[in-house]
Amino acid sequence: MLLLVSTFLILISLSLRGFAKEKILIESFLKEDQTTFLWNILKYDLDENLDNELQIYNMLDKDIFKASKLQCQILKDSEDTSRLVAVLSPNSLEASLILQSISTYLNVSYIITSWRPKSLLPSNVFNLYPDADLLSIALARIVKSFDWSAGFVILYEDDASLLLFQEVLKLQEFKEGMKENHVTMHKLEIGGDNRHILKSVRSISNRIILDCHSSRIIEYFKQAQEVDLLSDFSRSFFLTSLDAHTLNFGELKASVNITTIRLFDPTSASFQNIVSEYFPGVPAGQIKVEEALMFDALNLIVASINQLRDQGVKFSGKALDCQNDSPYEDDLGFLKAMKKVKLEDTLTGPIALHNGKRDNFVLEVIETDMPEKPIAVWQSEFPDEIHLTRNATEREAELQRRMANYNFIVTSRTGEPYLVEHQPEAYKNNRYRGYSMDLITEIAKLINITFEFRLTQDNTLDNLINDLVEQRADLGICDFTITPLRREKIDFSMPFMNLGIGILHKETNRQEVDNLYAFMRPISSRVWFYLWILSTVTSITMFFVARLAPREWESPKPWDPETKEHENIWNLKNFFWLSVGSITAQGCDILPKSVSTRVIVASWWFLSLIITNSYTATLAAFLTAQKRDVTIDSVQELAAQSRVKYGLMAKGSTEQFFSNSTNPFYQKMWNTMKNEKPSVFEKDNNAGVERVISTKDGLYAFFMESTGMEYQMERECGLRKIGGLLDSKSYGIGMPLNADYRHKINSAVLKLQESGKLMQLKDKWWKKEQIGNPCKRNAEEQSTALALSNIGGVFIVLAVGVGLAYIIAIFEFLWHVQKLSLEEHLTYMETIKCELKFACKIFTKKKRAKPLPSEPSSSSRSSNSPPSELKSMFSKSMSLMNFQKEQESK
Ligand code: GLU
């Protein structure tokens, strides 16, 4: 490379050999190929009559004494045969200063091509490097254009850089004496191990300005890579070195955004033409700023010489002596000529050093992965302005391109229903499912990105925030509440869910007991219903069975054996009375006598016994529960008592709400919670819910966000919400401060909101998806009331009893019919028919003691009974029928 030797001195002198031909003497300590461009300039651009020579003296860094000695020696050697016109400064500041001072004494132009702190330049000094003041303004304007309003870190290696950053530091804003944005400076140790500094930067800011010599940028970046400072999307580096564009950052495989500035565009045709002509074999992209400035400086000298020669000025020899008593005069007017010259065809833009300073220059701001197109251009003419070269669409496209090539790291924590590790053995994202996973999947589809879920350490929110602050992750998705405190450290997307703090407590029976119809509660409504149905059905059954049962037909006058009529006292009314009397444990003054009816009644009694006792026991339990359960309806009631302890999840936004509250009421609650022993704080919501459920008699209530409460109450029926919500807030997606992609995430969340997808996702994970067991809130099985399942057996007993009673009743009936048919000499079928007909006439309560056949039967006919008997039977039967008719008509 051209300027490998870090410090060198070039003295250009025109040496006069005789009077015919002027000569420029060139001596070099560098290899010939390294000075090719200098040769070329002098060969092409100086008057061909001149016999040119360039002297380049190699010097050791910072060797001030040798430098001054060397310069004086050169002057002494040249005597009065040559004319020293310019001294090109070495790039060591110390050596440069001594040479500058000698040159000023000799009144020889002294040309600088590197950054010098702001100072008043003596009239013989020309600095082609951008003016320090303007450069400082330029840097500040460029940094401002980045919108790093949240603060940034400046890494520098030389204290002189503090001057360079004086304008940048003014970007720090203060409000009421407090820093609004944090601008911090850290000094790097040249050649040392700076990992600890770079590591500490992680948690300070994701915007870094690196001010160092271009030769050490890659070294610092390698160290940064080792502390994982280059892997994230939202970190940005701004390199102030004007040579950073010559470096190859590709090998670092960094995901960070690297921006730098350059003084010239190496891709422009004019630049490339000059380079191919004067720097043969050197790629244009590799030309460093000092080489370019050196080239321009020589051109400036040459142009000045030519200008003077055009004016007829002769470069007569002049012996210069460092030991001279008084300063020399600029007898040729060379310094004036230098100030007048305007150069257009240069490498670093138009040059006109009217006051020795380079106050006319342009800086291009480029991203190292897209150097072809600058993102902004700053011009010294309009120092307070900057021209952003990319329009919104181009910026968007560039961001999209970067995002598409990047795998977003999503930090999260497990917790139902947001994220559940359902397949621990699976690979990466496949291990998890839940609301958060679905949400980012939808967002990723909309903005075309890929992502990888990573659980934060210890599953805590503090670590999750740290992941974002230190840029270990690009997005944080979980039940992540947006709070002002967190907003200072990270950014949040638009809210994707709204909520508030509520109080979770155990379900108590109080409300039902207070109710006017609370007496119904010990038995479930279904069982009440069945009881009424059954009592009706059983009464009707008993009625029919009683009509069939012969023993239920009795003489109304038992003392009179001649009574012809039998009476059945069992009408429907009586049976209803019996069933009600039994179930209320009051009994009944009349009771059935036949086996069949007794079987039914016994079964009913059994059912009544169980129902009555269960009802009594359950009612007692309800009433006891009322006394035992603490009745709390609001946060005020909760705060006013001390029996029920209340707590919350530690280190979450709910804790922040109480601890930061200025409301004396919440402050009091917070103090109570802090002083409770054992602690009322839980590590997460699940533990809190578990504690609410497991604490006996509802003696623990838990402050929890309404979303989590809704979810838990969908699954755990024994839970209830006390009162309304204490506040109103939202969940958002966490991002590092000022992340470039935050607008993209915001618009994706808005789109999901508009399309109703957010609602769908909530519905899916709160109601439909089977994480946990859904609670069938009104199902009898869950109720404390006496449910059908508890007493189903009794109903079976009753059903069996009724069935049995029917069978017995049939047997009784048949047996009765048999007896009657024999007694009354009627056929069996006739008797059955007759008796059944009668039984079906439900409003007939009396019957003859013995029936009469309606017509002679074949069987009777076939019998050997005398005709008179038949006659009598017939008449009996007729009379029975008539009797029934009479009864009916009554
Ligand atoms: N969502 C809360 C947070 O982001 C955690 C739960 C809570 O504090 O109740 O801090």
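Whatever order the structure lists them in is the order used to number ligands and atoms, beginning at 1. We use all heavy atoms of the structure for the numbers below, so side chains are in, but hydrogens, waters and symmetry mates are not.
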* To do: Look only at the side chain of S730 and the backbone of P495, and say whether a donor-acceptor pair between them is shorter than 3.5 Å.
  => no

* Asked: What does the list of residues with a heavy atom under 4.0 Å from ligand 1 look like, ordered by chain and number?
  -> L461, D479, F480, T481, R486, M649, G652, S653, T654, N685, E705, Y731

* To do: Assert yes or no for the condition that the ring centre distance of F237 to F221 is strictly below 6.0 Å.
  => yes

* Asked: In a check of side chain to side chain contact (heavy atoms under 4.5 Å, CB included) between R207 and each of N257, N738, I154, which one passes?
  -> N738

* Could you check D462, D684, D479 and say which one makes a salt bridge (charged side-chain N to carboxylate O under 4.0 Å, His left out) with R413? => D479

* Asked: Is the Y646 ring parallel, tilted or perpendicular to the F703 ring (thresholds 30°, 60°)?
  -> perpendicular

* Looking at K445 and E442, does any basic side-chain N land under 4.0 Å from a carboxylate oxygen? -> yes

